[in-house]
Amino acid sequence: MASNHLYLVDGSGYIFRAYHRLPPLTNKHGEPVGAVYGYTAMLWKLADEVHKADGPTHMAVVLDKSSHTFRNELYDKYKAQRPPPPEDLIPQFPMIRDATRAFSLPCIEEEGWEADDLIASYAKAALAQGWQVTIVSSDKDLMQLIEPGLDMYDTMNNRRLGAEAVVEKFGVMPHQLGDVLALMGDSVDNVPGVPGVGPKTASKLILEHGDVEAVLAAAPTMKAGKLRDNLIEHAEMARLSRKLVELASNVPLPDPLEDLALKGIPEAPLRAFLDHHGFKSLLMRLGGGGGGVDAPQPAPASTIELPADPPCDHDAYESVTDLAALDRWVEEATARGFVAFDTETDGLGAMARLVGISLATAPNRACYIPLGHGGNDLLSETPEQIPTDQALARLKPLFEDPAVLKIGHNAKYDISILGRQGVSVTPVDDTMVMSFNLDAGLHGHGMDELAATHLDHSCIAFKDVVGTGKSQKGFHEVPLREATRYAAEDADVTLRLWRRLKPRLSPEHVTRVYEMVDRPLVPVLSGMEREGIKVDREELARLSAEFSGQIVELEKEIHAIAGVPFTIGSPKQLGDILFDRMGLKGGRKGKSGVYSTDVNELERIAADKDGGPGVEMVRKVLDWRQLSKLKSTYTDSLQAEIKAETGRVHTSYSLTGAQTGRLSSNDPNLQNIPIRTEAGRRIRDAFVAEPGNVLLSADYSQIELRLAAHMADVPQLREAFLRGDDIHNMTAQELFGEVNRDTRARAKTINFAILYGISRWGLAGRLEIAPDEAQAMIDRYFDRFPGIRNYIAETLSSVRECGFTTTLFGRKTHFSRIKSSVQHERQGAERAAINAPIQGTSADIIKRAMARMGPALRDAGLPDVKMLLQVHDELVFELPEGDVERAKPVIERVMATAAEPAVTLSVPLGVEIGTGLSWGAAH
DNA sequence: TCAGTCACG
DNA sequence: GACGTACGTGACTGAT
């Protein structure tokens, strides 16, 4: 029997070469696809190799994931001045993954390693097993690896490269190539080498002396001249270069060798991929594809017109209750290379109980696998169903198969549920996130709404299945046939949405934000939700009791002053008491005829120096309000949120809740835990670490102002941040010519006003000055910082033209009211549009930091550091006390460099870190 | 279900 | 001249 033969494809290297060799082709959707076309054709060629006697039995595509590797630690200039990839190549990177998936091949990439290192490690492991290895690449660095049993294959020239090719090109054997490359250096990668030494001299030196160290040792004895001097003077650079060109061959393999076995290419996903891009000649080779020209045609971007799918047929859905049927579904999904899925649970949140799983592979081809139906209710009979552990044992390989794309709608939730069952889910697409990236601001992204919008289909309402109010049942009590109709429909609709939304990503230019920001975050958030954070119930109970006593006391006093008992919590009653009964002046009624009693209004009254009983009462009402708020929203409610299983509180993050791209947190909201007042801060002290651990809080300092300085190009602000100056002092100096407490406070207010889109009245209200004065101040700000004026003008003109704003990472937010004929609607949209790119870019950056944090900590040997919370510009971690000092620099680095390499900022990102036994203490 | 209020960045 | 004129959230309360 022939031995195994592993093909390792250097995907990253290939795409750059293909980009420069092939014309700038565009597919029918207007997407640049030249390199993708070349890459696809290359995979095709490799697929043909399978049939040859010596062909591959195992294959993987290896890609570069991170820009930061151990080589950057050795030499900070390594690859530092590489120009960013060409604009029209960037969107092609994610398409490479799509192409790879269409061929059902695993994609290997790992944070902290270059593709070359992974290739070297896989090659070494395979050779050790006695396998043959072929590296599909023509990269000179990889030629070092050539040895008996390992060759290279340059698909562009159709050439096999063995040791003789290395001798021909460099004059040395492959095992000496590293030494030659080190002496030569590489200007593209910024490997320094030795000045004046090129390939010829390098190979001569190495042939003569053996390796770099021997050359350096012999240098003093060489004949006097430039070469000798350079070798002596740059010896250290030569040694460094030797380390830089060395390939790491002991990287832990992300996927075991056996998983790279070729399984054949399922036709459907490949056809879908080729069809999407209009790669006609390849389609023809697949058989049945239309004729016509070979290369994709240049064409303007247009909306994708898919033929309408058949309507949802609920009777076509299958209830899967035996293993044979389940195996058929797993097999079909594996063959297709993608599957839509959904989980049904009792209750909500990451800690809910799994009741069933649905799958869909094509419109109306969907099933429901009941797992936890019946059971704890005597009235409902337990239907026949596969025991959960058996079903999951069959489903686990599917959910974990790197060659099968799992499509979910709000997949974060399903990943949590399955994760608790020991099943990880990867790779994942999420139609809710896709919709958000495409259409944020236009409509919601719930499945029911999207089904109505895109599919003209109205989904079975959940409450029609489980009922409402007292008679509401758990999903496990829903009869099997009905549960199947509902659950399988969800998977079916998810699949249909995916077929509509996925092809829109690239032509609408949101591939980058989807692939680089939001999609990688889905499993990360899932993990954070499952992790939860420990809350000290007794501490909260103590606070509740304490607040309660004060509230009762205040209530008595307020009623005594009013002379009549009333509901203090009713703004209507309170307004009537204050302004009518007690005769306080300045009461303003809103359109509903109720006096305003918000905190601004009450504080205005409370500030009255010679206040009568009314003023005294208002002060007590303010205290009462604060304590009631803290008690009802935090100290009482949070106790109820502690889950018995974990003793921790598990929030749920919404990726699609905030129009700007921020996350939001709910059930409970852990992004608005008090901090600004003393009473409130005590609530933060109830968020604690497990024994032996501490909490670490890391926050970006002034990130939005820094981004404004970069995006609006304000030199004074930029330089102040570079110097590390106090930014509000700087603004005060610019605006008022002197810095004191008052001018700093006013400057701070104006700086924030700028971020939020300013109006003279708004600023006037905040600063308690006349609108005219506020306007003068705004004018002065614009005169000192003209970049801000330009930024606002450009942002507005662009949002008026396109209807959306974009962040530095390409995130869109749509503003349909930007053209409203109602002035205050239009002006509101304008203010939001000015803010959205800044707030959104900040959100993009921290999201990237979050996606990179886990791998970075793991690579640093800190697997026990857990990321628990995100609060817009802050990340909260729990970690063993002994890990703190090692974790700090890793966290700091990941956060500070999170924009790179996609975006290069002209201001540094400052990160502040604190630790303590409680969240309060970590600040 | 809405409006008002207030906790956070 | 008015817009309860700063952006983005979620939870709770009382009133309907």
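In what follows, chains are A, B, ... by sequence order, proteins preceding strands, each numbered from 1. This structure is a prediction, so every number in the text was calculated from the model and none was measured.
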Shortest side-chain distance from A/V599, nucleotide among B/dC8, C/dC7, B/dC6: B/dC6
Interatomic distance, A/R681 CZ vs B/dG9 P [rounded to whole Å]: 11 Å
Sugar-phosphate, base or nothing in reach of A/S665, heavy atoms under 4.0 Å: sugar-phosphate
Candidate nucleotides B/dG9, C/dG8, C/dG14, ranked by approach to the side chain of A/A658 - the nearest: C/dG8
Spacing of the C1' atoms in B/dC2 and C/dA6 (rounded, Å): 24 Å
Interatomic distance where CG belongs to A/L763 and C1' belongs to C/dC7 [whole Å]: 15 Å
Phosphate-side-chain proximity, A/S637 and C/dC12, N/O vs OP1/OP2 below 4.0 Å: yes
Sugar-phosphate only, base, or nothing, as touched by A/S759 at under 4.0 Å among non-hydrogen atoms: base
Atom-to-atom span, CG of A/L869 to P of B/dC8 - whole angstrom: 16 Å
Given B/dT5, C/dG10, C/dC7, the nucleotide with the shortest approach to the side chain of A/Q839: C/dC7
Shortest non-hydrogen contact between A/Q626 and A/T677, atoms and distance: NE2-OG1, 2.8 Å
Phosphate OP1/OP2 of C/dC12 contacted by A/T633 side-chain N/O (<4.0 Å): no
Geometric cation-pi criterion, A/R848 with A/F809: 6.0 Å, 45°: no
Per A/H872 side chain, nearest of listed nucleotides C/dG8, C/dA11, C/dA6: C/dG8
Derivation and outcome, salt bridge (charged side-chain N to carboxylate O under 4.0 Å, His left out), residues A/R746 and A/E773: CA-CA 13 Å; A/R746 283 141 66 88; A/E773 288 178 70; over 6 Å; no
Interatomic distance at P, B/dA3 relative to C/dG4, whole Å: 12 Å
A/S570 side-chain N/O to C/dA15 phosphate OP1/OP2 under 4.0 Å: yes
Nucleotide B/dA7, atom P - distance to CZ of A/R682 in whole Å: 16 Å
Stepwise salt bridge (charged side-chain N to carboxylate O under 4.0 Å, His left out) test for A/E830 and A/R800: CA-CA 9 Å; A/E830 287 172 357; A/R800 282 177 194 131; 3.1 Å; yes
Nearest to side-chain heavy atoms of A/N672, which nucleotide of B/dC8, B/dG9, C/dA15: B/dC8
Below 4.0 Å: OP1/OP2 of C/dC7 and any side-chain N or O of A/R831: yes
Phosphate contact (B/dC8 OP1 or OP2) by A/R676 side-chain N/O below 4.0 Å: yes
Residues A/R625 and A/E601 bridged, charged N to O under 4.0 Å: no
A/R682 and A/E678 ion-paired at < 4.0 Å: no
Among C/dT9, C/dA6, B/dG9, the one nearest A/R766 by side-chain distance: C/dA6
Aromatic A/F804 / basic A/K812 pairing, under 6.0 angstrom, 45° off normal: yes
Watson-Crick or G-U counterpart of C/dA11, or none if no pair lies under 3.5 Å: B/dT5
Which residue lies more 5' along DNA chain C, comparing A/G828 with A/H824 via nearest heavy atoms: A/H824
Listed nucleotide nearest any side-chain atom of A/S596, set C/dG4, B/dA7, B/dG9: C/dG4
Residue pair A/E874 / A/W919, side-chain heavy-atom distance below 4.5 Å: yes
Between P of C/dG8 and CG of A/L663, the distance in whole Å: 17 Å
Rounded distance in Å - CH2 (A/W919) to C1' (B/dA7): 12 Å
A/D699 CG - B/dC8 P separation (whole Å): 15 Å
Of the listed nucleotides C/dA15, B/dG9, B/dC6, the one nearest the side chain of A/D598: B/dC6
Quiz item: A/Q823 side-chain donor-acceptor pair to C/dA2 base, under 3.5 Å: yes
Of the listed nucleotides C/dG8, C/dC12, C/dA6, the one nearest the side chain of A/T660: C/dG8
N/O (side chain, A/Q573) to phosphate O (OP1/OP2, C/dA15) under 4.0 Å: yes
A/K748 NZ to B/dG9 C1', straight-line distance once rounded to whole Å: 12 Å
Distance-only donor-acceptor test, A/R625 side-chain atoms vs B/dG4 base atoms, 3.5 Å: no
DNA chain C: 5'-proximal contact among A/N666 and A/I758 (nearest heavy atom): A/I758
Proximity to the side chain of A/N669 - top-ranked nucleotide from B/dG4, C/dA11, C/dC12: C/dA11
Sugar-phosphate only, base, or nothing, as touched by A/S628 at under 4.0 Å among non-hydrogen atoms: nothing
